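Please read the structure below before turning to the comments.
Since the structure is predicted, the reported quantities are computational estimates derived from the model, not experimental observations.
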Amino acid sequence: MQSASIKINHLLESLDEEDYDKAVSYIEFLVEVRNREKLKKEQSAKNQAEVEEIVASLIGSIPDTGKTLEEYRSERLKKYEIPD
């Protein structure tokens, strides 16, 4: 990595001031883009972990009794039904 840094420094030293400023701005832009992409990947991995944690916490908390959603619904409606 150090030899690449020496080569870059040598190239930058040989540029005119205007071209030097352009080169430095472009390098800063590339570093910024790389950092944004890295942050985006880290956030995506964190979100994925949170989703997996939530799903894992739900598994087993609602027992599977083999009923359909309509059967669960009618069961809940009966439970909270107000008698006449």
Side-chain angles (χ1 to χ4, degrees):
M1 182 71 180
Q2 193 159 16
S3 68
S5 177
I6 293 171
K7 289 177 184 177
I8 290 172
N9 285 337
H10 177 70
L11 289 172
L12 290 174
E13 289 171 0
S14 65
L15 294 175
D16 295 333
E17 186 174 342
E18 183 180 320
D19 292 335
Y20 175 86
D21 291 340
K22 287 179 186 177
V24 169
S25 293
Y26 184 66
I27 291 169
E28 289 172 345
F29 168 75
L30 293 176
V31 169
E32 184 180 323
V33 168
R34 184 179 65 186
N35 288 341
R36 267 191 267 140
E37 289 175 356
K38 183 179 175 183
L39 181 61
K40 190 185 292 186
K41 286 179 184 177
E42 289 171 357
Q43 288 175 340
S44 177
K46 181 182 176 191
N47 289 344
Q48 183 62 33
E50 289 175 358
V51 168
E52 290 173 3
E53 185 178 311
I54 291 169
V55 169
S57 73
L58 293 174
I59 294 173
S61 58
I62 301 174
D64 181 13
T65 59
K67 296 179 184 177
T68 65
L69 291 177
E70 185 58 39
E71 290 171 324
Y72 282 121
R73 182 178 181 277
S74 65
E75 186 178 274
R76 300 302 286 171
L77 288 174
K78 286 178 187 175
K79 182 175 182 178
Y80 296 105
E81 187 177 86
I82 299 173
D84 290 332

By side chain to side chain contact (heavy atoms under 4.5 Å, CB included), which residues pair with K67, not counting sequence neighbours?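 K67: side chain to side chain contact (heavy atoms under 4.5 Å, CB included) contacts with T65, E71, Y72, E75.
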Counting neighbours of [atom1] on [X] that are heavy atoms of other residues, nucleotides or ligands and sit closer than 6.0 Å, is the number greater than 12?
X: E42; atom1: CD; value: yes
X: E50; atom1: CD; value: yes
X: L69; atom1: CG; value: no

Between Y26 and Y20, is there a shared hydrophobic cluster once you connect ILVMFWY residues whose side-chain heavy atoms come closer than 4.5 Å? no
Between V24 and L15, is there a shared hydrophobic cluster once you connect ILVMFWY residues whose side-chain heavy atoms come closer than 4.5 Å? yes
Run the salt bridge (Lys or Arg N to Asp or Glu O under 4.0 Å) check on E18 and K22 step by step: do they pass? CA-CA 6 Å; E18 183 180 320; K22 287 179 186 177; 3.5 Å; yes
For the atom pair NZ (K38) and NZ (K40), what is the distance rounded to the nearest 0.5 Å?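 That separation rounds to 15.5 Å.
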Sort and list the pairs that fulfil salt bridge (Lys or Arg N to Asp or Glu O under 4.0 Å) and have at least one residue in residues 24-35, not counting sequence neighbours.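 Salt bridge (Lys or Arg N to Asp or Glu O under 4.0 Å) check on residues 24-35 returns E32-R36.
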Without swapping roles, check the side chain of S25 against the backbone of D21 for a donor-acceptor pair under 3.5 Å. yes
